[in-house]
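The structure is given below, and queries will be raised subsequently.
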Number of protein chains: 2
Amino acid sequence: MASTSSAENDVAARLRADVLGASLPPASPLRLMDLTGRYDAAPGKVREALLQLASEGLIRFKPKHGFTSLPLSIEELWDVTHLRIKLESEAVTQAIESGDEAWEARIISALHLISKVETRSLKDRRALDGDWSKKHREFHSALLSACPSQWTVRFCETLSDHAERYRRHSISVRAHARDIHAEHKAIAEAVIGRKAKLARELLSDHYTSTANAVAANGDAFETLAKKQRGRGR
Amino acid sequence: MASTSSAENDVAARLRADVLGASLPPASPLRLMDLTGRYDAAPGKVREALLQLASEGLIRFKPKHGFTSLPLSIEELWDVTHLRIKLESEAVTQAIESGDEAWEARIISALHLISKVETRSLKDRRALDGDWSKKHREFHSALLSACPSQWTVRFCETLSDHAERYRRHSISVRAHARDIHAEHKAIAEAVIGRKAKLARELLSDHYTSTANAVAANGDAFETLAKKQRGRGR
DNA sequence: CTCGATAGACTTTTCGAAAATTATTGCCAT
DNA sequence: ATGGCAATAATTTTCGAAAAGTCTATCGAG
């Protein structure tokens, strides 16, 4: 979360991208030796990366039984979504109160970069998901970057990761790209215009409709999870 | 947080107790080899424990420079306190809505155990801090144990750890023992009586007055922190 | 006397094989 | 057939020495 300095710990970063990016099936065991092969790293290094992800709640760890990816559940989806709305609304309100021009510039910059990726994705329509997700994350992070409460933004980032895991597991991000971009633009304008109440409402709608879209495909992963669970025991 | 299975990983538990219990000075480097001696464990094991604490934000980690304990700052104290009030109020409200008899029993049980420790501390007045803190933590945990939002509970526990770090660094917990016990009793009664609004107010007062007591001694650790910081660079 | 570079000491980090633990398979008795 | 038991296989965990990196102190030049 705060400790991965990008170039430093490559394995942890790639592993996280795979967990978040739905490259790994949910609720399945993550065998240490498979991963040493997959990432070409020493067992100890992989173990360290796995432990780090476990501490963020992205995977589960049972002391002598190894690691497993988490199942997806509709209840947790809504838990994450509701809490995220609550915390992020608060964070944005505080950011609006104490944000300066540099903060506004960061938001506009991030919004621009998202739209760049989106236009690019019209031509080259595969595998932009990772790129788009990164810019999307940075946009929401920019919104919160003027919030004086470090703990609030930290929790928001954690929830953001988990929300992304659900999003990437169920829907193709490009599916509703146009709508989403309009929403982002509206949010950015409300925030920079210092309209806290409007911003909160837009943010709430934004996350709620995303969660609804995920939940619509939710039956799929619910049954999948059950199947996996049944096999596991 | 969730991954330490008590007896399993001894070093991490002891290290955490020392960080929370103010046995280690704030804002000072945690040298790997010192700790291997202190806990009589292999370097790798200590490193693992250190990384775990770093992921919880209890210590800082710079990739090739090792670990340092965190400084104490009044701003962070209030950040933790305010967010904790917000989240824990919400969690208690939800717990009140959906708690059953077993939940009520857990609260009463935990309250009883606290008072036991407090009466015991009248005779044997030293080194009960660790024991009292443990029971105190369990009481607040019991309050939240019927909250259906796992994420809210998890964040509350993280904040609870950090609040304890501040408390233990500045004031002797027994100092206001009688007042605190009355507060706990009042909170328990409000919660079990399903008076959500009252419970929220009491909880808020409880944490605010603790934070005030810590902040009153705050000048001490602020100057200490400055001295350490000046020496460090 | 100040500044910069180089050598040395000290810390952290990595790696891979050995050890401990758990899961699986095949077998025998009931 | 079924249920328990033992041996085997697979996997995780540990350990310590070697390697890479960082900080400090000394020495020489300007």
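Lettering of chains follows the sequences in order, A, B, ..., and the numbering in each one begins at 1.
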key: Spacing between A/L32 atom CG and C/dA23 atom P, to the nearest angstrom   = 15 Å
ask   = Would you say the side-chain atoms of B/S133 and B/R168 include a donor-acceptor pair closer than 3.5 Å?
value =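 Yes, a side-chain donor-acceptor pair sits under 3.5 Å.
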query = Residues two or more places apart in sequence or in another chain: which of them pass side chain to side chain donor-acceptor pair (under 3.5 Å) with A/Q94?
reply =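 Expected list: A/E90.
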request  = Provide, to the nearest angstrom, the distance between the CG atom belonging to A/L51 and the P atom belonging to D/dT12.
outcome  = 12 Å
key: For atom CE of A/M33 and atom C1' of D/dT12, their distance in whole Å   =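 Rounded to whole Å, this separation is 10 Å.
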query = How many angstroms lie between CG in A/L53 and OG in A/S69, if you round to the nearest 0.5 Å?
reply = 11.5 Å
Using nucleotides 15-18 of chain C, report all nitrogen or oxygen pairs with the protein that are shorter than 3.5 Å.
none

query = Quick one: are the ring centres of A/H140 and A/Y207 less than 6.0 Å apart?
reply =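 Under 6.0 Å, so yes.
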ask   = Between B/E56 and B/R16, is there a salt bridge with N-O shorter than 4.0 Å?
value = yes
query = How would you list, by chain and number, every residue that makes a side chain to side chain donor-acceptor pair (under 3.5 Å) with A/H82, sequence neighbours excluded?
reply =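 Partners of A/H82 by the side chain to side chain donor-acceptor pair (under 3.5 Å) criterion come out as none, since no residue qualifies.
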query = Can we say A/D131 and A/K135 salt-bridge, meaning some charged N sits less than 4.0 Å from an Asp/Glu carboxylate O?
reply = no
key: Flag for A/T68-A/R60: side-chain donor and acceptor within less than 3.5 Å   = no
Please tabulate, one pair per line, each protein N/O and nucleotide N/O from nucleotides 18-23 of chain D that are separated by under 3.5 Å, including the distance.
{"from": "D/dC23", "atom 1": "OP1", "to": "B/H65", "atom 2": "ND1", "distance (Å)": "2.7"}

query = In terms of the angle between their ring planes, are B/F155 and A/F155 parallel, tilted or perpendicular, with boundaries placed at 30° and 60°?
reply =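 Plane angle under 30°, so parallel.
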Could you write out each protein N or O paired with an N or O of nucleotides 5-10 of chain C at a distance under 3.5 Å?
none

inquiry  = In this structure, how many angstroms lie between the P atom of C/dT12 and the CZ atom of B/F61, rounded?
reply    =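 Roughly 10 Å, once rounded to whole Å.
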In residues 31-43 of chain B, what donor-acceptor pairs under 3.5 Å come from side-chain atoms, sequence neighbours left out?
{"from": "B/T36", "atom 1": "OG1", "to": "B/M33", "atom 2": "O", "distance (Å)": "2.6"}
{"from": "B/R38", "atom 1": "NH1", "to": "B/D18", "atom 2": "OD2", "distance (Å)": "2.9"}
{"from": "B/Y39", "atom 1": "OH", "to": "B/D18", "atom 2": "OD2", "distance (Å)": "2.5"}

message = If I take atom CZ in residue B/R47 and atom C1' in nucleotide C/dT14, what distance separates them, rounded to the nearest angstrom?
response = 9 Å
request  = Could you tell me the separation between the CG atom of B/L30 and the C1' atom of C/dT11, rounded to a whole number of Å?
outcome  = 13 Å
request  = Specify the separation, in whole Å, of atom CG of A/L35 and atom P of D/dT11.
outcome  = 12 Å
